[in-house]
Amino acid sequence: MGGSMFSILILVLLFAVMYFLMIRPQKKREKETKAMRAGIGVGDEIVTIGGICCKVVKTKEESIVVQVGPDKVKMEFMRWAVSKVVKQGSGHVEKASVDDYDEVADAEKNEAKKSKPKRMKKAAVVEEAAPEPVEEPVEEAAVAADEIAEVAEEAVEETAE
């Protein structure tokens, strides 16, 4: 009788340990992930489970529309495809005035101007840093070839003797 109670107590203890070490933390992580995916808003920068980094431009009930790359290509993903939120956006769109559009256009032009010289500078730095090929003088190569030929002739003579 005492042995069977002891074995039942061991099973209950084992289940309790598994619950606190495995099941409870997993449920907590699932709850946090669900809250993160539900809290995605316009302007958030996210990473999908496929590794695509993008910015949210529109949210729907079960999906989100994101903008990818410098060409601003728009794609639609299901909410469950979001791996993590990298940067929280404003979450809402404000009405913009004409001055705001002018400021954005000026900022884009300045950014384009700045980026072109950097690329050229990088290319120039790479060209300068590239080692120049070392040209072996023809005379040294000829002397080395003559020495090899002499050693080969001596080896042939020794094998012939």
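When reading the values below, keep in mind they use all heavy atoms of this one structure, side chains included, and skip hydrogens, waters and symmetry mates.
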Looking at Val82, is its backbone amide N or carbonyl O close enough to the side chain of Arg37 to form a donor-acceptor pair, meaning the two atoms are under 3.5 Å apart?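 Between the backbone of Val82 and the side chain of Arg37 there is a qualifying donor-acceptor contact (under 3.5 Å).
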Donor-acceptor check, side chain of Ser7 to backbone of Ser4, threshold 3.5 angstrom: yes or no?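 Between the backbone of Ser4 and the side chain of Ser7 there is a qualifying donor-acceptor contact (under 3.5 Å).
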Are Phe77 and Val65 close enough, and set up right, to give a side-chain contact (heavy atoms from CB on, under 4.5 Å), and what steps lead you there? CA-CA 6 Å; Phe77 286 103; Val65 178; over 6 Å; no
Any chance you could measure [X], atom [atom1], to [Y], atom [atom2], to the nearest 0.5 Å?
X: Cys54; Y: Lys74; atom1: SG; atom2: NZ; result: 13.0 Å
X: Met36; Y: Arg29; atom1: CE; atom2: CZ; result: 13.5 Å
X: Arg79; Y: Glu62; atom1: CZ; atom2: CD; result: 8.0 Å
X: Asp44; Y: Thr59; atom1: CG; atom2: OG1; result: 9.5 Å
X: Lys31; Y: Lys34; atom1: NZ; atom2: NZ; result: 10.5 Å
X: Glu76; Y: Ser63; atom1: CD; atom2: OG; result: 3.5 Å

Can you name the side chain to side chain contact (heavy atoms under 4.5 Å, CB included) partners of Tyr19, sequence neighbours left out?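 If we apply the side chain to side chain contact (heavy atoms under 4.5 Å, CB included) test to Tyr19, skipping adjacent residues, the hits are Ile23, Arg24.
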Worked verdict on Ile46 versus Val56 for side-chain contact (heavy atoms from CB on, under 4.5 Å): CA-CA 7 Å; Ile46 62 169; Val56 178; 4.1 Å; yes
Report whether Ile64 and Met75 are members of the same hydrophobic cluster (ILVMFWY, side-chain heavy atoms less than 4.5 Å apart, transitive linking).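 In one cluster: yes.
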Can you tell me if Met18 has over 12 outside heavy atoms packed within less than 6.0 Å of its CE?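 Counting other residues, nucleotides and ligands, CE of Met18 stays at 12 neighbours or fewer.
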Side chain proximity check, Ile52 to Val68, heavy atoms < 4.5 angstrom: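 Yes, at least one pair of side-chain atoms sits under 4.5 Å.
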Derivation of the side-chain contact (heavy atoms from CB on, under 4.5 Å) call for Val47 and Cys53: CA-CA 5 Å; Val47 177; Cys53 299; 4.0 Å; yes
